[in-house]
Every structure is written in C-alpha cells, then in structure tokens.
**Student:** 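Sharing a structure with you now.
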Amino acid sequence: MQLCYDSENDVLTIVLSSTPVRTLDTEKPGVVLGYGGDGSLVNFEIKNASRRIDNHRSVDLCVNGRNVQGMKLL
C-alpha cells in the first residue's frame, strides 16, 4: 500500500495494488475510485485533501494492533 500526497494539486492518492487501473468511478464529489480489470479496487484519490483531512501532512499507522502516530510526510 502506498500513500501519495501531491501538494501542488492538493490530491491524496492511496494505492492498494500495483494492478493497472482499467476503469474510474467519479460519481462521488471529490473522490475518484480506480478499479482493475477484475473489478477490484486498485486506488482512490481524495481531491482538495487539505480541506477534507485534519492534518494532511501527518499519518497515523496501525499494523496488527500496534500504532505509530504522527509520522510526518515530506
């Protein structure tokens, strides 16, 4: 999984799989969902991320019940 924040365009992209995106769903305002050829969710984008997310430059990560809070994004 990969999180990418593009500050120039204010878009947060969360990539779940390296599968090529075949179709896009843009029906929800400010969110774009990318699907692979088999219909599985590959990635999603949040437009105007700095207005939708409390702190778009910090990530709290939880893996197997263990938390790492406040990782700063460059």
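Note that the structure is predicted; figures quoted are calculated from it, not measured.
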**Student:** Let me check something: do Val11 and Leu3 share a hydrophobic cluster, defined by ILVMFWY side-chain heavy atoms less than 4.5 Å apart, either directly or through other members?
**Tutor:** no
**Student:** Search all heavy atoms of Leu16 against all heavy atoms of Phe44 and return the closest pair with its distance.
**Tutor:** CD1-CE2, 4.5 Å
**Student:** To the nearest 0.5 Å, what is the distance between OG1 on Thr13 and NZ on Lys47?
**Tutor:** 8.0 Å
**Student:** Test of understanding: with side chain to side chain contact (heavy atoms under 4.5 Å, CB included), list the residues that count as partners of Arg52, not counting sequence neighbours.
**Tutor:** Ile46, Asn48
**Student:** Among the clusters formed by ILVMFWY side chains lying less than 4.5 Å apart, do Val31 and Ile14 turn up in the same one?
**Tutor:** yes
**Student:** Atom CD in Gln2, atom OG in Ser17: separation rounded to 0.5 Å?
**Tutor:** 11.5 Å
**Student:** Is there a continuous path of hydrophobic side-chain contacts, each under 4.5 Å between heavy atoms, that joins Val42 to Leu24?
**Tutor:** yes
**Student:** Flag yes if Met1 and Leu41 sit in one hydrophobic cluster, no otherwise; membership is Ile, Leu, Val, Met, Phe, Trp, Tyr, and two members link when side-chain heavy atoms are under 4.5 Å apart.
**Tutor:** yes
**Student:** Please determine whether side-chain contact (heavy atoms from CB on, under 4.5 Å) holds for the pair Asn43 and Val21, giving the CA-CA distance in whole Å, both sets of side-chain angles, and the decisive distance to 0.1 Å.
**Tutor:** CA-CA 8 Å; Asn43 65 22; Val21 172; 3.7 Å; yes
